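Note sheet for the following structure.
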Amino acid sequence: MGILDDVVINAKSAAEAVGKKAGQIMDVSKLRINAAELNSEISKRYQALGQYVYESCREQLAGDGEVVGKMAEIDELAAQYAAVSKELGDKQNKVTCPGCGRQCSSSEAYCGTCGAKLGE
Ligand SMILES: [Zn+2]
């Protein structure tokens with residue numbers, strides 16, 4: 001083999017090594033993305049489960065102090081959210097629909113989404 005052959009072979013094996021390394025990096029990137037997506041999906045399911053329990057199982061869980069405390073925290077945050085939403089709506093001449101929660105113009109008499117009477 002001549003020097004040129006050695007150079008070609010070395011360049012080829014170097015390229016293969018780089019390709020292999022890049023492949024490993026891609027595998028790690030894909031795995032990270034996959035892990036992040038799964039973790040996000042788990043969080044969504046926890047949230048959905050929590051909302052279901054909050055809305056459907058209040059009475060059954062009334063004896064569990066920790067659950068009751070966490071529900072009270074959500075109630076407090078929901079009250080703060082309603083107050084902030086109302087203040088924001090007032091500043092933007094909007095009213096919150098009592099039926100569906102949509103922000104409607106204060107000039108509208110009825111909600112365009114659910115038809116509930118506004119401004120009461
Ligand atoms: Zn509505």
Side-chain angles (χ1 to χ4, degrees):
M1 259 193 248
I3 291 174
L4 192 59
D5 290 333
D6 287 347
V7 169
V8 169
I9 287 168
N10 285 340
K12 198 174 168 190
S13 59
E16 283 170 2
V18 168
K20 193 173 179 184
K21 188 79 179 167
Q24 287 170 350
I25 291 169
M26 277 300 294
D27 286 346
V28 169
S29 295
K30 279 182 189 170
L31 288 170
R32 279 193 182 139
I33 290 167
N34 198 2
E37 286 172 351
L38 287 169
N39 200 29
S40 168
E41 202 55 44
I42 289 169
S43 293
K44 282 182 202 166
R45 302 293 162 93
Y46 270 129
Q47 186 178 352
L49 176 63
Q51 189 165 1
Y52 172 79
V53 169
Y54 175 85
E55 291 170 355
S56 308
C57 306
R58 290 185 84 101
E59 286 159 28
Q60 294 94 313
L61 294 167
D64 188 323
E66 190 170 343
V67 173
V68 170
K70 294 208 177 300
M71 286 182 173
E73 288 171 8
I74 291 172
D75 292 342
E76 172 59 28
L77 289 169
Q80 288 178 26
Y81 175 74
V84 169
S85 290
K86 186 184 180 320
E87 191 179 344
L88 188 61
D90 289 347
K91 289 193 189 307
Q92 296 175 320
N93 291 321
K94 301 244 181 200
V95 292
T96 302
C97 171
C100 68
R102 176 176 167 255
Q103 290 292 300
C104 304
S105 169
S106 56
S107 64
E108 294 172 311
Y110 296 92
C111 174
T113 299
C114 73
K117 190 163 172 47
L118 300 173
E120 297 199 323

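Here the structure is a predicted model, which is why all the values come from computation and not from measurement. Along the sequence shown, residues carry numbers from 1. When a ligand or atom number is given, it counts from 1 through the structure's own listing order.
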**Message:** Distances under 2.8 Å only: what protein N/O/S atoms are near the Zn ion (ligand 1), ordered by chain and residue?
**Reply:**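 Only Cys97 SG, Cys100 SG, Cys111 SG, Cys114 SG fall inside 2.8 Å of the Zn ion (ligand 1).
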
Are [X] and [Y] connected, step by step, through hydrophobic side chains (Ile, Leu, Val, Met, Phe, Trp, Tyr) whose heavy atoms are closer than 4.5 Å?
X	Y	answer
Val95	Val84	no
Leu61	Leu49	yes
Leu77	Met71	no

**Asked** Just by modelled atom types, is the Lys86 backbone N or O under 3.5 Å from a matching donor or acceptor in the Thr96 side chain?
**Response**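 No: the side chain of Thr96 does not pair with the backbone of Lys86.
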
**Item:** Sidechain-backbone polar pair: Ser56 side chain, Val53 backbone, donor-acceptor under 3.5 Å
**Value:**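 Checked: no pair found.
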
**Qualifying residues under side chain to side chain contact (heavy atoms under 4.5 Å, CB included), relative to Lys44, sequence neighbours excluded** =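 Once residues adjacent in sequence are excluded, the partners of Lys44 under the side chain to side chain contact (heavy atoms under 4.5 Å, CB included) criterion are Ser40, Glu41.
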
